[in-house]
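Written below as structure tokens is the structure these notes are about.
Here is how names work: the chains are called A, B, and so on, in the same order as the sequence lines, proteins then strands, and each is numbered from 1. Please read all numbers here as calculations on a predicted model, not as lab measurements.
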Protein chains: 2
Amino acid sequence: MEGTRTRRSGRRPGRHDTRSEILTAARACFTEAGYDGTTIRRVAARAGIDAALVHRHFGTKLDLFLAAVGLPADLTGVLARVVAGDAAGLGERVVRTFVEVWDNAPLRGASFAGLMRLASGDPAGADLLARYLRDDLGAALARALGVESAQERVALVGSQLLGIGVARYVLRLEPLASATPAAIARYLGPAVRRLLTSPVP
Amino acid sequence: MEGTRTRRSGRRPGRHDTRSEILTAARACFTEAGYDGTTIRRVAARAGIDAALVHRHFGTKLDLFLAAVGLPADLTGVLARVVAGDAAGLGERVVRTFVEVWDNAPLRGASFAGLMRLASGDPAGADLLARYLRDDLGAALARALGVESAQERVALVGSQLLGIGVARYVLRLEPLASATPAAIARYLGPAVRRLLTSPVP
């Protein structure tokens, strides 16, 4: 995703990096004021630049939010590693990786809650996320798995992962709110492995 | 929940039922304008009554929304029937009942999306829903199941059900968006049954 390219370039020392300054300001605003309460103008003010510059670098507020969420740069590589290990541990790796990615996202749980808020309040946002999950992430996982009914399986596993996200980051339901990624993987990994590998009815 | 008591009294013929008129207006407003775009004042205007009367009958906007969502009156009875059948079909009954309840809610999928929007944008709303799931619904299911680690199991199964709701009603991910409740139960019932009955790690 966009955000990671930016974070990378942000590491170049001594370079005045407008993109990374905008992202820092955007993360602060989204964390403080949520998706609805954040405007491009507010982000621009916080970064001390003109709003037009934010638009030029990131487009709409939605584009800016997705960049600020900052899922890992190399999401395809992450998927490849998840799928590459032994089959018995596949479900646990999927669950653990999902939780670690969100735990380590720049806004932590607020990233996931923000995506849910966006998707549940705005049909265009929901459609954008659904297409991302299905066409990008889902298709990559389906290719990597090489099983029958891969797209269906990905949707079923996707529903379990979305539910973990809602329980952990939105509702903060125990034990999922406080458990380590490894513990959640032990709880739900076997169910996810079966969804990925058992025959689809 | 509140909503159902109201729907029941709404059936009495010939009675001028302010509560049911308020709920009808509230459902129309929440469906059209979403949770954020709906105000008590707007609902009152639509019902042709004073806003104070809406407050007197339903309290806050959140209370009104939960009443308008209108989960079944006899949720405890529904749970008892789900748990009472044969153990082999338990998971399928849980999944199917969850989907049927939301498919048949007065606002259909909009009810679930509204709850997600509420929970993801408002910590108080998230806390209210978490307490409802854990203390009311979760505790009832835990008692009915009579297994070890019942509260943990309920949270794990809850995460799967929340995820089905997000996939079906918010993101409209196929095949979960268009599948029948029975088909979704066949897909995910076995995983849910194991979460409810296998040893918790």
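By number of non-hydrogen pairs under 4.5 angstrom with chain A, the leading residue of B/Leu118, B/Leu176, B/Val192, B/Asp127 is B/Leu176. Highest contact tally toward chain A, considering only B/Met116, B/Glu152, B/Arg131, B/Arg194, is held by B/Arg194 [criterion: heavy-atom pairs under 4.5 Å].
For the residue pair A/Ala113 and B/Ser120, the shortest heavy atom distance occurs at O-CB, 3.5 Å. Closest non-hydrogen pair, B/Ala191 versus A/Ala191, comes out as CB-CB, 4.3 Å.
Annotation: residues 168-175 of chain A contacts chain B through A/Val170, A/Leu171, A/Leu173, A/Glu174, A/Pro175 [non-hydrogen atoms, separation under 4.5 Å]. Contacts from residues 177-188 of chain A to chain B, taken as heavy-atom pairs separated by less than 4.5 Å, involve A/Arg186, A/Tyr187, A/Leu188 in sequence order. Residue-level contacts of residues 160-167 of chain B with chain A, in order of numbering, are B/Gln160, B/Leu162, B/Gly163, B/Ile164, B/Val166, B/Ala167; threshold 4.5 Å between heavy atoms. Contacts of residues 39-49 of chain B with chain A at a heavy-atom distance below 4.5 Å are absent; not one residue qualifies.
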